[in-house]
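A short worksheet on the structure shown next.
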Amino acid sequence: MALCLVGEAWAGNPGGKLRSLVSSFKRTEGFDVVDLGGPAMLLLKAAARAEADDPEDRAALDLFRRLKRLTVVDFSEATPEKREEFLRRLDRILAGEEILMEAKDGGEKVAIYGRSSKDGSRIEDIIIRADDAIISVRGSIRADQVGSLMKKASK
C-alpha cells in the first residue's frame, strides 16, 4: 500500500521526476547544473530585495515571494547522444503537463509548462524548456503579476 501511495504522489509530481532526471545527469560532461533551494533561495531573494530601488524592480521581486527552488540546466556542450537521452526522458516527464506558452526566437523554440491553481489565480511549478537548457521554478506565482510583467517587458 505504501508503494502505491508513493507511486501515486510521484506520478503527479513532475518537479520530483525532473529533480531525479537532473540528478542523474548532474555529473555528466557537458551538463552544467545550478540548483538553489531552501537557504540559497532565501539569500538570493534577500540580495535581490536589497538591490531593488525602483517600483518596477520591487514589483518584479514580488513575483518571487512564493518560490521555493530554482534549477537551471545548460546542456549545450553535451554530446549528441547524452543530449538526446536527456531530452527523451524530459519529454516523457512533460508529456502530461500543460503548455502555458510556446514561442520561437530565431531558430530556437521555447516552451513554458506549468499548472494553474484550481481557482486560476496562480501558476505553479513552471518548467521552461529551450533547445539547450531548462529552467525549473518550484513554487507559485500570481497569474495577474506575470501578465503585467510581460506587458512591461514587451514595451
Side-chain angles (χ1 to χ4, degrees), residues 6-48 51 57 59-118 120-154:
V6 169
E8 190 175 312
W10 191 255
N13 182 4
K17 293 177 188 177
L18 183 63
R19 284 188 67 199
S20 178
L21 173 62
V22 169
S23 181
S24 68
F25 279 83
K26 198 174 211 171
R27 290 176 180 77
T28 303
E29 188 173 333
F31 282 78
D32 294 319
V33 177
V34 175
D35 189 24
L36 304 174
M41 284 298 289
L42 289 173
L43 287 172
L44 183 63
K45 290 176 192 178
E51 293 296 316
D57 289 345
L61 280 175
D62 195 37
L63 276 171
F64 302 103
R65 180 171 288 145
R66 291 177 171 252
L67 301 185
K68 298 173 185 156
R69 177 174 243 46
L70 174 68
T71 305
V72 180
V73 181
D74 177 344
F75 47 93
S76 59
E77 301 294 320
T79 64
E81 296 81 17
K82 287 295 180 183
R83 184 180 183 281
E84 288 304 314
E85 179 186 350
F86 181 82
L87 289 173
R88 186 175 55 254
R89 291 174 62 188
L90 176 64
D91 288 341
R92 275 192 299 230
I93 291 168
L94 296 176
E97 293 302 303
E98 182 180 349
I99 295 179
L100 301 176
M101 186 169 78
E102 206 168 33
K104 279 192 173 183
D105 183 20
E108 186 174 25
K109 183 175 141 184
V110 176
I112 301 174
Y113 296 82
R115 278 178 265 151
S116 296
S117 61
K118 290 180 183 182
S121 67
R122 297 196 166 276
I123 299 171
E124 301 171 340
D125 300 336
I126 298 168
I127 299 171
I128 302 169
R129 183 195 188 281
D131 292 340
D132 293 327
I134 60 166
I135 300 170
S136 171
V137 182
R138 296 277 302 166
S140 66
I141 299 173
R142 283 187 16 212
D144 62 331
Q145 290 176 312
V146 173
S148 66
L149 189 65
M150 290 177 79
K151 285 179 188 175
K152 289 177 186 175
S154 66

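Residue indices begin at 1 and follow the sequence shown. A quick note: this is a predicted structure, and the numbers were derived from the prediction, not measured.
- For the pair V137 and K68, the minimum side-chain heavy-atom distance is 4.5 Å or more.
- For the pair I123 and R115, the minimum side-chain heavy-atom distance is 4.5 Å or more.
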- Query: Checking salt bridge (Lys or Arg N to Asp or Glu O under 4.0 Å) for the pair K109/D131: CA distance, chi angles, key distance, verdict?
  - Reply: CA-CA 6 Å; K109 183 175 141 184; D131 292 340; over 6 Å; no

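- Using a 4.5 Å heavy-atom threshold, the side chains of V22 and T71 count as touching.
- Annotation: side-chain contact (heavy atoms from CB on, under 4.5 Å) contacts of A130 (sequence neighbours excluded): E108, V110.
- Remark: side-chain polar atoms of S117 are paired, donor with acceptor, to backbone N or O of R122 under 3.5 angstrom.
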Compile the donor-acceptor pairs under 3.5 Å between side chains in residues 72-81 and protein atoms, sequence neighbours left out, one pair per line.
{"residue": "D74", "atom": "OD1", "partner": "S76", "partner atom": "N", "Å": "2.8"}
{"residue": "D74", "atom": "OD1", "partner": "S76", "partner atom": "OG", "Å": "2.7"}
{"residue": "T79", "atom": "OG1", "partner": "K82", "partner atom": "N", "Å": "3.2"}

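- When every heavy atom of R69 is checked against every heavy atom of G37, the shortest pair comes out as NH1-CA, 2.9 Å.
- Distance CD1/I112 to CD/E97: 14.0 Å, rounded to 0.5 Å.
- Taking L21 as the reference, L18, S24, F25, F86, R89, L90, I93 meet the side-chain contact (heavy atoms from CB on, under 4.5 Å) condition, with sequence neighbours excluded.
- By the 4.5 Å heavy-atom criterion applied to side chains, L94 and I127 are counted as neighbours.
- Distance check: E124 CD to E98 CD gives 11.0 Å after rounding to the nearest 0.5 Å.
- The side-chain heavy atoms of R129 and D91, taken from C-beta on, include a pair separated by under 4.5 Å.
- Atom CG of D125 is separated from atom OG of S136 by 7.0 Å, given to the nearest 0.5 angstrom.
- By the 4.5 Å heavy-atom criterion applied to side chains, D32 and K26 are not counted as neighbours.
- In this structure, R83 CZ and R88 CZ are separated by 12.5 Å, a value rounded to the nearest 0.5 Å.
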